[in-house]
Every structure is written in C-alpha cells, then in structure tokens.
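Report on one structure; see the data block that follows.
Scope of the values below: all heavy atoms of this structure, side chains included, with no hydrogens, waters or symmetry mates. Start at 1 and go down the list; that is how both ligands and their atoms are numbered.
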Amino acid sequence: MQTSYWKLQKNSENKEAMEQAAALIKAGEVVSFPTETVYGLGADGLNPTAVAKIFAAKGRPNDNPLILHIAQKEAIEPLTTGLNANAQKLIEHFWPGPLTLIVNKSSIVPDAVSAGLETVAVRFPSNKFAQDFIRACGCPIAAPSANISGRPSPTNAQDVLEDMQGKIAGMLDGGSCGIGLESTVVDTTEPVPTILRPGGITYEMLTEVMGAVEIDPALQGDKNFKPKAPGMKYRHYAPKAPVYLFEGEACQKLPEVIAKALAAGKTVGVLCGRALERELAELVEKQQLQLACWGDSREQLAADLFYLLRDFDRTQPDVILAEGVDESGIGLAIMNRLRKAAGYQLITLQNGSLHLKNSATLPEFMIQ
Ligand code: TXA
Ligand code: MG
C-alpha cells in the first residue's frame with residue numbers, strides 16, 4: 001500500500017491535507033496523526049472493519065481496547081450510558097489535554113474498539129492538528145499509539161514511518177509531540193477515580209482537583225496484581241538490548257558499573273541526566289559508550305524518552321544502563337515506562353551493595 005504523506009504547517013488550517021486525510025478515514029482506511037502525547041494510528045471509531053485494520057497494522061492483540069478521540073467535550077455523550085460526577089469534574093478541569101477517561105460504553109461503540117469490555121476509553125486531545133483532523137473526519141477516531149505492538153510509541157513522523165510505511169493509507173506530519181509519553185488513563189467507573197496508566201496529567205494534579213485518587217496496584221510491577229488496563233500487561237517499550245534501571249541511591253554506583261562493563265569489553269548504552277553525562281565525558285571519548293542524555297529536566301526526559309529508546313535499537317549496544325528519577329509529578333509516568341523498558345530488571349542499593357529486584361543473580365560487571 002502507498003502511504004500518502006502530508007507535512008502540516010503551524011498557524012494554518014491545512015485544509016487540503018485535512019480533507020484528503022479525512023476522505024481516507026471515511027473510506028475506512030487508517031491514517032496516522034500527531035497529538036500532544038504521541039502519534040496515533042486513527043480510523044473511524046464506529047466502523048468495525050476500519051478498526052480491524054488498526055489491529056492488523058500494529059500486530060496488536062485483540063483483547064487490548066482502543067481509545068476514542070473526540071474534538072469537543074459534548075462528543076463523549078453518545079459514546080456512554082452516562083457520566084458520573086467524577087467524570088464530569090475531570091472533563092471540566094482537564095479536557096482538552098492528555099487525560100483519557102474510562103466510562104461505561106453505549107451500544108454505538110463497536111466491540112472491536114472496547115475489546116468486549118462494558119467500558120470505553122475516551123480522550124479529547126489538546127493538539128490543534130489532532131482537533132482539526134478529528135473535526136474534518138466528523139466521527140470519533142479510534143487510535144492507539146502508532147508503533148508496532150511492543151515497541152516504544154513514536155513521537156515524530158519518522159518514527160511512525162519506520163513502523164508503518166506501506167501498512168497505512170496516510171500520515172499527517174505535525175512535527176514532534178510535546179509531552180512524549182501517552183495520556184494518563186483514569187477509570188471513572190469506580191467510586192474513587194483510579195489511575196490505570198500514569199501520564200502527562202499527574203497524580204498530584206488529579207488529587208488537587210478530585211481529592212482521593214487511587215493508583216492501580218499492578219503498576220508497581222507486582223506480579224500478583226493483574227493490570228486493569230489490558231495494555232499494561234504486555235511487554236512494552238523494550239529495546240532489543242537488555243536494560244537495567246538504577247533506582248534511588250543505586251544511581252551513585254553507575255560510573256563505577258559502567259567502567260567495569262567497558263573493561264569487560266561490552267559496548268554500553270547509558271540513559272542519564274546532565275550531571276552524570278558530565279561525569280562520564282572522558283569515557284565517551286573511548287567510543288564504546290553510547291550516551292543518551294535527556295538534558296536538565298524530567299519534562300525533557302519525558303519528551304525524548306521513546307526517541308532515545310528507539311535510538312538504542314539503531315545502534316544495538318550489548319547492555320543499556322538507565323538512571324532512574326524520583327516519582328513525583330511526571331516522574332511516575334517516566335518510571336512506569338522505564339520499568340517496562342527494563343522488563344522490571346531494577347537495580348537498588350541495599351546495605352551498600354547493588355541488588356537486582358526479582359532475581360538473585362547480578363550480571364558479573366555489577367558485582368563489586
Ligand atoms: O496518549 C495517548 O493516549 C495515545 C494517543 C494516540 O492518544 N494513545 C494511546 O493508545 O496510548 P494505546 O492504545 O497505545 O493505549 C491505550 C491504553 C491501553 O493500555 C489500553 O489497554 C487502555 O488504554 N484501555 C483502553 N480502553 C480501556 C478500557 N475500556 N478499560 C481499561 N483500559 C483501557
Ligand atoms: Mg500504545
């Protein structure tokens with residue numbers, strides 16, 4: 001299949017591109033489009049045949065439901081049997097924006113979208129290109145992130161095309177996504193709103209408006225809990241090389257561990273902040289070290305994380321060592337994605353020595 005491509009211009013209605021892309025959607029095809037979080041893979045959310053093409057392009061398991069994207073608050077009404085007070089308050093405060101709400105679904109939502117659940121996920125993105133596109137289509141747009149299932153979500157058009165060129169009918173290129181991590185998913189059908197996936201709307205922002213907010217216990221990686229968002233149970237974001245995530249005080253040991261891994265002849269990828277980058281400057285010159293530095297802020301890390309993880313697949317080091325961040329604010333979403341990328345190979349410091357969570361054996365180069 002030929003993938004049509006449109007470069008979108010800021011401060012423009014991009015009328016022609018939007019009309020052509022919308023015509024493909026109306027014909028039951030799949031088109032990728034930018035949002036403020038990550039790129040989406042969109043199709044007519046009320047057309048089960050079109051929705052099936054999304055699952056095929058991504059290689060997505062059928063039991064993983066999709067989010068319906070809308071371009072005005074009221075458009076959620078026909079999709080649900082009713083909104084409770086919590087849902088209404090969340091809409092009022094956080095839409096448009098990176099917040100997806102789980103609500104009870106109405107009969108017009110196809111089973112293909114909700115994966116047979118009684119609920120449906122709905123989101124009103126703040127990205128202007130996304131809004132113009134959804135409006136031009138005139139229907140709710142079902143859209144998962146535009147990656148092949150299991151890979152990091154794409155945050156620019158090139159990364160979308162790497163996975164989707166030739167598999168989808170169209171690609172709207174709106175440049176880089178600002179937030180870089182997928183939306184926060186909140187289940188509003190429980191008495192207390194529950195975060196099923198952390199994202200750009202943080203726990204702190206939610207509690208300030210809602211009071212009590214719960215976090216799905218399965219997000220901590222405890223195998224005894226089954227995640228309530230089906231997508232959270234799958235292996236995700238993982239580069240091909242093994243990733244070890246250093247948490248808390250263990251990060252202080254990173255320079256030592258890196259030097260040892262290099263001495264053992266390994267090619268090493270490091271994902272870290274500016275301070276550690278400075279410390280490692282000398283080692284980088286030795287060439288066996290691939291440093292991916294996110295800069296000075298955690299917002300910048302969120303924006304760059306998926307791009308940096310994809311980059312490691314292009315260079316393929318033997319091992320990737322990642323520096324963790326604290327979990328306040330956007331840190332909760334960052335650490336959730338990093339833990340998944342690491343397949344829960346988490347390194348902590350206990351009584352002065354490194355410890356691998358969920359396993360007794362540390363890799364050789366980490367033993368001090
Ligand atoms: O930022 C985003 O949310 C991006 C952009 C494109 O909008 N979309 C996105 O979609 O990340 P996706 O399909 O990659 O992730 C949707 C998540 C999955 O973990 C899925 O299992 C969960 O939302 N989900 C969807 N419907 C659900 C439902 N009815 N109940 C529980 N979880 C649901
Ligand atoms: Mg996804």
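Among protein heavy atoms, the minimum distance from atom 24 (N) of ligand 1 is reached at Pro65 CG, 3.8 Å. Taking atom 23 (O) of ligand 1 as the reference point, the nearest protein heavy-atom neighbour is Val185 CG2, 4.0 Å. For atom 29 (N) of ligand 1, the nearest non-hydrogen atom of the protein is Thr119 OG1, 3.0 Å. Looking only at heavy atoms of the protein, atom 11 (O) of ligand 1 is closest to Arg197 NH1, 3.1 Å. Nearest non-hydrogen protein atom to atom 30 (N) of ligand 1 is Ile102 CD1, 3.6 Å. Distance from atom 6 (C) of ligand 1 to its nearest protein heavy atom, with residue and atom name: Gly40 CA, 3.5 Å. The protein non-hydrogen atom at the shortest distance from atom 7 (O) of ligand 1 is His69 NE2, 2.6 Å. Protein heavy atom nearest atom 3 (O) of ligand 1, with residue, atom name and distance: Ser183 OG, 2.5 Å.
The two atoms that bring Ala322 and Val243 nearest to each other are CB-CG1, 4.5 Å, heavy atoms only. Of all heavy-atom pairs spanning Thr35 and Thr37, the tightest one is OG1-OG1, 2.8 Å.
You'll find the ring centres of Tyr39 and Phe33 outside the 6.0 Å limit.
Ion pairing between a basic and an acidic side chain is recognised when a charged N comes within 4.0 Å of a carboxylate O; Lys89 and Glu92 show no such pairing. The pair Lys228-Asp216 does not meet the salt-bridge criterion, since no charged nitrogen lies less than 4.0 angstrom from a carboxylate oxygen. Salt bridge status for Glu162 with Arg310: present, with a side-chain N to carboxylate O gap under 4.0 Å. Ionic pairing of Lys105 and Glu118 is not present here: no N-O contact between side-chain nitrogen and carboxylate oxygen is shorter than 4.0 angstrom. Taking the charged nitrogens against the carboxylate oxygens, Glu16 and Lys7 have no contact shorter than 4.0 Å, which rules out a salt bridge. Ion pair Asp311/Arg314 flagged as a salt bridge, since at least one NZ, NE, NH1 or NH2 atom sits closer than 4.0 Å to an Asp/Glu carboxylate oxygen. Residues Lys15 and Glu19 are paired through a salt bridge, judged by an N-O separation under 4.0 Å between the basic side chain and the carboxylate. Using a 4.0 Å cut-off between a side-chain N of Lys or Arg and a carboxylate O of Asp or Glu, Arg151 and Asp313 qualify as a salt bridge.
Residues Tyr244 and Leu254 share a single hydrophobic cluster, defined by chaining ILVMFWY side chains whose heavy atoms lie under 4.5 Å apart.
Annotation for ligand 1: atoms under 4.0 Å from non-hydrogen atoms of Leu117 are 28 (C), 29 (N), 30 (N). Counting the atoms of ligand 1 from 1 in the order shown, those under 4.0 Å from a heavy atom of Ile67 are 3 (O), 8 (N), 9 (C), 10 (O), 16 (C). Numbered from 1 in the order shown, with element, the atoms of ligand 1 that lie under 4.0 Å from a heavy atom of Arg60 read 12 (P), 13 (O), 14 (O). Atom numbering of ligand 1 starts at 1 in the shown order; those under 4.0 Å from a heavy atom of Asn64 are 18 (C), 20 (C), 21 (O). Atoms of ligand 1 found under 4.0 Å from any heavy atom of Lys228 (numbered from 1 in listed order, with element): 31 (C). The ligand atoms of ligand 1 that sit less than 4.0 angstrom from a heavy atom of Ser145 are 8 (N), 9 (C), 10 (O), 12 (P), 14 (O).
Here the protein contributes Ser145 OG as N, O or S atoms under 2.8 Å from the Mg ion (ligand 2).
Counting heavy atoms from C-beta outward, Leu117 and Pro65 have side chains that approach closer than 4.5 Å.
Not a single N or O atom of Lys58, backbone or side chain, sits closer than 3.5 Å to an N or O atom of ligand 1. Considering backbone and side-chain atoms together, Glu182 places no N or O closer than 3.5 Å to any N or O of ligand 1. Considering backbone and side-chain N/O atoms, Gly231 comes within less than 3.5 Å of an N/O atom of ligand 1. Backbone and side-chain nitrogen or oxygen atoms of Thr35 are examined, and none is located within less than 3.5 angstrom of a nitrogen or oxygen of ligand 1.
Of the candidates Arg123, Arg197, Arg337, Arg337 is the only one forming a side-chain hydrogen bond (donor to acceptor under 3.5 Å, both in side chains) with Glu182.
Residue Pro230 places a heavy atom less than 4.0 Å from ligand 1.
Sorted by first and then second residue, the side chain to side chain donor-acceptor pair (under 3.5 Å) pairs with a member in residues 185-196 read Asp187-Thr189; sequence neighbours excluded.
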